[in-house]
Protein chains: 2
Amino acid sequence: MSSTHTHSKKSQILTKNQRIVLDLLQNSGEPLKAYFILDSLKKEGLNSPLQVYRALDKLVELGKIHKIESINSFIICNNSNCASNTAFTICERCGKVKEIKNKNLTDGVSDLVKDNQLEITRYNLEFYVLCKSCKIN
Amino acid sequence: MSSTHTHSKKSQILTKNQRIVLDLLQNSGEPLKAYFILDSLKKEGLNSPLQVYRALDKLVELGKIHKIESINSFIICNNSNCASNTAFTICERCGKVKEIKNKNLTDGVSDLVKDNQLEITRYNLEFYVLCKSCKIN
DNA sequence: ATTACGTATGTAATAATATAACACTTAGAG
DNA sequence: CTCTAAGTGTTATATTATTACATACGTAAT
Ligand SMILES: [Zn+2]
Ligand SMILES: [Zn+2]
Ligand SMILES: [Zn+2]
Ligand SMILES: [Zn+2]
């Protein structure tokens, strides 16, 4: 099948390690920690922390995943176009994390920083909440 | 000396360890890392990471210092009333950190989350910038 | 095809950050 | 004084992340 198929951009094709790390995060949907990812992917051939961290770094750089700084965890990007501006809610009780998609909020923040002459290159917003199910119980 | 002098609120008085850690952060003005603090305060009698982390935890809880999550560092609060809502700029080139005091921005963010019915308990905003001196050079 | 180059890989060792466990002390409340 | 909550000191250990180095692989130019 296929002759001389030119992959126009090598950089858009994930390597094996990047692929399996991304797939795990995709299937999980939750934030995962690097060493959990390592343990989970032992059977796929990942043997060392560095293999995981390298894949994570690249995926973050590509914007396919995000790091949630306050919990040292990584989560699949749930948003079509973050452009490295990220915003999350984190439940203070159960730890559940959601990426904020609300365009009003993110645009509002962008406007605010412009209005206040903060020339930012990107931002990361972590909002702590009590999630619905935690509020009930 | 002193007869029955009642410290109305014990919780407002810092302990020795909390005091010396706070003083160091105060005098520094920059974000410091826990193990740097430990090394700096060996001569003051701090011998173990736990002594530092315990003091830091308490000071964060009291709102006297903040943790900057993306660099695992702690900085004196430069603001009279953060109420655990924090906002920083971090230079992507030199690492310089500033606490944002801009009330327009922080109020604006609070309004935005209200407008969008995010019931948050607190937030931490980390804005990445190219600081003035880095922009020049 | 050969070379050169940038990127990725595999592996071992180690650094940096943070917490658990336990025995003991201190200071305030009643 | 006695009880209790909070803080201390210390050792050990867990968790998170990087350095260093040798090797492989894909692309593009020669
Ligand atoms: Zn995203
Ligand atoms: Zn919850
Ligand atoms: Zn502050
Ligand atoms: Zn700078």
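Convention: sequence-line order gives letters A, B, ...; per-chain numbering from 1. Heavy atoms only: backbone and side chains are in, while hydrogens, waters and symmetry mates are out. Quantities reported herein were computed from a predicted structural model and do not represent experimental measurements.
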Whole-Å distance separating the [atom1] atom of [X] from the [atom2] atom of [N]:
{"X": "A/E69", "N": "D/dA17", "atom1": "CD", "atom2": "C1'", "answer": "13 Å"}
{"X": "B/I13", "N": "D/dG7", "atom1": "CD1", "atom2": "C1'", "answer": "14 Å"}
{"X": "B/L50", "N": "C/dC24", "atom1": "CG", "atom2": "P", "answer": "18 Å"}
{"X": "A/Y53", "N": "D/dT19", "atom1": "OH", "atom2": "P", "answer": "13 Å"}
{"X": "B/F36", "N": "C/dA15", "atom1": "CZ", "atom2": "C1'", "answer": "18 Å"}
{"X": "B/L56", "N": "C/dT17", "atom1": "CG", "atom2": "P", "answer": "12 Å"}
{"X": "A/I68", "N": "D/dT16", "atom1": "CD1", "atom2": "C1'", "answer": "16 Å"}
{"X": "B/Q18", "N": "C/dT26", "atom1": "CD", "atom2": "P", "answer": "16 Å"}

Out of D/dG7, D/dT16, C/dA18, which nucleotide sits closest to the side chain of B/K67?
->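 That would be C/dA18.
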Ignoring the backbone of A/R54, work out which of D/dA20, C/dT17, D/dT16 is nearest its side chain.
->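 Side chain of A/R54 sits closest to D/dA20.
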Are there more than 12 heavy atoms of other residues, nucleotides or ligands under 6.0 Å from atom CD of A/E44?
->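 Above 12, so yes.
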May I ask you to check whether over 12 heavy atoms, not counting those of B/K96, lie within 6.0 Å of atom NZ?
->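 Atom NZ in B/K96 is not crowded, with 12 or fewer foreign heavy atoms closer than 6.0 Å.
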Considering heavy-atom distances to DNA chain D, does B/P49 or A/Y35 have its closest nucleotide positioned more toward the 5' end?
->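 Nearest-nucleotide comparison on DNA chain D picks B/P49.
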If the cut-off is 4.0 Å, is [X] near the phosphate of [N], judged by side-chain N/O to OP1 or OP2?
{"X": "B/Q51", "N": "D/dG9", "answer": "yes"}
{"X": "B/N17", "N": "D/dG9", "answer": "yes"}
{"X": "A/K16", "N": "C/dA8", "answer": "no"}
{"X": "B/N47", "N": "D/dG9", "answer": "no"}
{"X": "A/K58", "N": "C/dA8", "answer": "yes"}
{"X": "B/T15", "N": "D/dA6", "answer": "no"}
{"X": "B/N72", "N": "C/dA18", "answer": "yes"}

Using distance alone, with no hydrogens and no angle criterion, decide if A/T89 and A/Y128 have a side-chain donor and acceptor under 3.5 Å apart.
->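 The criterion, which ignores hydrogens and geometry beyond distance, is not satisfied for A/Y128 and A/T89.
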Taking atom types as modelled, find out whether A/E92 and B/T121 have a side-chain donor-acceptor pair closer than 3.5 angstrom.
->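 The answer is yes; a qualifying pair exists.
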Closest-nucleotide 5' rank along DNA chain C - winner of A/S48 and B/I71 =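 So the residue in question is A/S48.
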Ion pair A/E119/B/K135, N-O distance below 4.0 Å |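 Salt bridge flag = yes for B/K135 with A/E119.
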